[in-house]
Amino acid sequence: MNRLEDLIVMKKLQDLMGKKEEKKEISPICWVIAVVLVIAAAGAIAYALYRYFTPDYLEDFEDDFEDDFDDDFFEEEEDDAEEKEETSGEEKTEA
């Protein structure tokens, strides 16, 4: 009988100790949200690195284009202004 009582006492001790070690289960929804957030964070980091290390070729193109456009535009303005002065000067002398 002594051996049977020892087994019962051991079983009760294991039950008491088992309650202290009881794990909380995380719901599947939390796991799904965690996985989605990890994937989004990895994607954001990859995109940021891509944008940082990729040279901006468009910026160089725009700078060259703007310089040529500005020069031509101002030359045309000056030519137009000179032509207007010449035509208005001719009209004044005729009148």
Side-chain angles (χ1 to χ4, degrees):
M1 275 306 240
N2 195 12
R3 183 133 174 112
L4 185 59
E5 290 175 6
D6 288 341
L7 286 174
I8 293 172
V9 169
M10 291 285 268
K11 177 66 175 161
K12 288 181 181 180
L13 282 173
Q14 287 177 353
D15 288 342
L16 289 173
M17 292 181 75
K19 289 181 181 176
K20 291 180 183 177
E21 295 177 8
E22 187 176 307
K23 289 184 179 179
K24 290 185 178 180
E25 291 187 26
I26 300 174
S27 68
I29 295 173
C30 291
W31 281 108
V32 169
I33 291 172
V35 168
V36 169
L37 289 176
V38 167
I39 291 172
I45 291 170
Y47 180 72
L49 289 173
Y50 168 75
R51 294 289 291 177
Y52 180 75
F53 286 114
T54 304
D56 189 14
Y57 297 113
L58 184 60
E59 185 176 298
D60 296 336
F61 175 74
E62 287 176 349
D63 289 342
D64 293 340
F65 179 72
E66 287 176 359
D67 292 341
D68 294 340
F69 178 74
D70 290 342
D71 293 342
D72 292 340
F73 182 72
F74 289 123
E75 287 175 5
E76 289 176 8
E77 258 184 15
E78 291 171 0
D79 292 342
D80 290 342
E82 289 174 3
E83 288 177 11
K84 286 181 182 178
E85 288 177 6
E86 289 174 5
T87 56
S88 64
E90 291 174 3
E91 291 174 2
K92 289 181 182 177
T93 55
E94 292 176 7

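All heavy atoms count here, side chains included; hydrogens, waters and symmetry mates do not. Small disclaimer: the values here were computed from a predicted structure and weren't measured.
Here L49 pairs with I45, F53 under the side-chain contact (heavy atoms from CB on, under 4.5 Å) rule; sequence neighbours left out. Every residue meeting the side-chain contact (heavy atoms from CB on, under 4.5 Å) condition with I8, not counting sequence neighbours, appears here in chain and number order: L4, K12. For S27, the side-chain contact (heavy atoms from CB on, under 4.5 Å) partners two or more places apart in sequence, or in a different chain, are I29, C30.
Put simply, CG on L13 and CG on D6 are 10.5 Å apart, with the number rounded to the nearest 0.5 Å.
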